[in-house]
Amino acid sequence: MSASSGKLEPLKLFKVFRSILERRLGGTLTVRRGPVVKQARLAFGQVLAAASNRPEESLARALVDEGLISSTERVEIDAARRADRRSFEAHVRERGLVAEGRLEGIERRISRTVLLECFGWPDGTFEFAVAQVRTNPEKRPIDTVELLLEAAAAHLPTPICERFLNTFSGQQLGATEWMQTYAEVYDRLFPPPNLRGMLQSPLPVAAVASLPGDKPRNLREGAALVLSGLGALSRLEGARGPAARQATRSGPQRPATASGPQPRAGGSRASGGRRRAERSVPPRPASVAPHPTRSEPPSARPPVRSSSDSADRPVRVRASRGPGAARPERASGSKRPMRRSGARRAAPAEKKPIPSKVQANLDRAVALAPELEQRTHYELLEIEQGADEKAIRLAFRRMARDFHVDRFARYGLDKETLAAVQKVFVAANKAHEVLSSADKRKEYDIGLEMKAGGAKVAAGGGPQLDQVFKAEKLIKDATVLIGRGQPDAALERLETAGQSLPDDPVYKAARAFAEHLLAQGQGGSQVVLGRTREALEEICAELDNREEPFLYLGRIYRTLDEPEKAIRAFERALKINPHYAEAGSELRHVQRKIEQSKSSGLAGLFGRRKK
């Protein structure tokens, strides 16, 4: 197909991506809903990049919000981009403003955000144009299966999942070989216990909704397995109704369960044996086609029952455990006794001896389980409270490796021990979820400080914890608005935040800087500008543990043509927080301006000639 288009409806975009993935197509997918237009470039069924016409979903906005480039640098790049018609990304790379690895990570995150929202659109249109797309072998594309799993976990409503699974109520769900490949991704999106651990044997689709636990999550998991291709659908064992018999006789009309012509019940023994041999390695159902970049072993495919086993009277003959006098020809020609005997041999799984390292982890889990409520997230992961993101990630991976429930299934442990292991793993997953998010970690740290200090924030009729969190969020939003050049909107949020945190130094500094920007934009007098500058200087003179006030003071020095003072302020902010990217970006900008003025024979930021 060269191009295709249509209207969006529930689950439609999932099917579009699956179709592109199965055919390993390349081209441009355009999705529209009202004034919003989003595009994705794909190659071999994998997403290379995605973009949107929304300004808040642009690379420039993300780099400014994260402090990797300054607002001044963004304006300069926009002017250069309009002049030479190159992309914003190309200019950022050319100037070396952001490290290559970090820039690629931000681009991937923006592409995911742009696409994930589309899966939740209730209406709209799509259009896919097939074309050859140039790829960069050094860039890793976004895995389409991971994208579908993440979209299902975040954007599938419960009623749609239930209606979708009801269409397969007469079938059973089994895991494909790709489940092991994407096990880590699946467990991150659906923390254990989940359906992945229950698919050791096929699970009836109709039973998904009634499984223990949260029903909406069970339905969402079942739909995610089918839509992403990690779950294989096959006819339910023992389904012997008229519809099943008709489907068995129809043969070629059911490509989802068998391929090739079906033998008739009265056919010859030779032809029946030959056709049964042709079907000994059945194909995967069409509804869950395999990943296009990998081959599929026969062991991962769901079994298909031959029509000679299910045509006339299978139930009573199959249930009989006698010597088989009713149908002696089945005893020699049918494969059913072999399957049953094989199942009996695999049933009594012998308990494997537990290695010493695994036993040490079990003992540790049993000891940890009763103490989880008394341990902090840092104590559970065995890291310092000031640990960085890398240390948190490595600590969680170590815990997940030691206490993942699937590692102990082969040893036949008792329920109490397995419950302790699962409890520790769930607690470690929660700790990682909180500490890996900047906002959640900040709120958690504030709660720890209040608990250690006897709730000193709420004492004496002060603000409650939720009000403190709300004020902190307002201050953070105000700093973002200041960076975007919207001081009036920032002042509105700061007014509300000041009611709960009137003595917070970041609040005072942000307010003074917002007033300075507002007065400067409206042509304010030097008296007002000097007053805001003095207020920031006083705050910084009494402060040595918060970096934001020094950033604001350095920006004021920069606008007042005092580069040396600006450099000292930015360096002070970086001394407090070496990872403060926004201060580092401003420092590089001022230093570059000074070098340019010296090399061109000019003095000062405004280009006054040297005497």
Side-chain angles (χ1 to χ4, degrees), residues 146 149 173-203 211-213 221 225 230-232 294 296-300 341-384 387 389-436:
E146 292 185 14
L149 279 173
L173 184 64
T176 66
E177 64 169 340
W178 317 127
M179 182 64 80
Q180 294 300 324
T181 304
Y182 298 97
E184 184 177 352
V185 179
Y186 190 85
D187 287 345
R188 174 172 56 82
L189 297 173
F190 301 101
N194 51 31
L195 290 186
R196 189 174 75 84
M198 302 181 184
L199 293 184
Q200 303 297 331
S201 59
L203 176 70
L211 290 173
E221 278 197 68
L225 288 171
L230 301 189
R294 301 178 174 93
E296 180 184 17
S299 60
S341 62
R344 285 198 300 271
R345 286 194 301 269
E350 298 182 358
K351 294 184 179 180
K352 296 185 177 181
I354 303 177
S356 58
K357 185 176 180 180
V358 176
Q359 185 62 52
N361 290 334
L362 288 174
D363 296 340
R364 184 181 167 201
V366 173
L368 274 176
E371 303 175 359
L372 291 176
E373 295 183 358
Q374 287 76 33
R375 289 177 176 260
T376 66
H377 293 337
Y378 298 102
E379 293 171 346
L380 177 62
L381 297 181
E382 298 180 351
I383 56 177
E384 299 292 335
E389 294 181 4
K390 183 178 180 180
I392 294 171
R393 183 172 64 254
L394 292 177
F396 171 69
R397 287 182 178 178
R398 184 173 61 251
M399 292 283 289
R401 182 183 66 246
D402 293 343
F403 300 111
H404 201 291
V405 181
D406 292 349
R407 295 194 61 197
F408 306 101
R410 70 186 74 175
Y411 301 115
L413 303 178
D414 56 273
K415 293 182 179 180
E416 291 76 10
T417 306
L418 280 177
V421 173
Q422 182 176 347
K423 189 175 181 181
V424 172
F425 180 79
V426 171
N429 189 71
K430 182 180 179 181
H432 175 258
E433 180 183 355
V434 172
L435 299 183
S436 60

### Heavy-atom closest contact (L199 atom, G174 atom, distance)
CD1-C, 4.4 Å
### Summary
Output for pair (L394 CG, L381 CG), nearest 0.5 Å, gives 11.0 Å
### Task
Look up atom CG in L380 and atom CZ in F396, then write down how far apart they are to the nearest 0.5 Å.
10.5 Å
### Residue from L203, L149, L195, T176 passing side chain to side chain contact (heavy atoms under 4.5 Å, CB included) with L225
L195
## Note on the structure
Distance col, row R398:CZ vs R393:CZ, nearest 0.5 angstrom, shows 13.0 Å
Sequence neighbours excluded and cut-off under 3.5 Å, please list the side-chain donor-acceptor pairs for residues 423-436, or say none.
unit_1 : atom_1 : unit_2 : atom_2 : d
E433   : OE2    : K440   : NZ     : 3.3
S436   : OG     : H432   : O      : 2.6
S436   : OG     : E433   : O      : 3.4

#### Entry: Pairing residues for R364 by the side chain to side chain contact (heavy atoms under 4.5 Å, CB included) criterion, not counting sequence neighbours
L368, E382, M399, D402, F403
### side chain to side chain contact (heavy atoms under 4.5 Å, CB included) against T417, all qualifying residues, sequence neighbours excluded
L362, V366, L413, D414
### Query
When rounded to the nearest 0.5 angstrom, what is the spacing between OH in Y378 and CD1 in I383?
7.0 Å
### Message
Would you compute the distance between atom CG of L230 and atom CZ of R196 and round it to the nearest 0.5 angstrom?
### Response
10.0 Å
### Within 6.0 Å of CD in Q359, more than 12 heavy atoms from elsewhere
yes
### Query
For the residue pair A420 and A365, what are the closest heavy atoms and their distance?
CB-O, 4.1 Å
### Interatomic spacing from CE in M198 to CD in E221 - rounded to 0.5 Å
8.0 Å
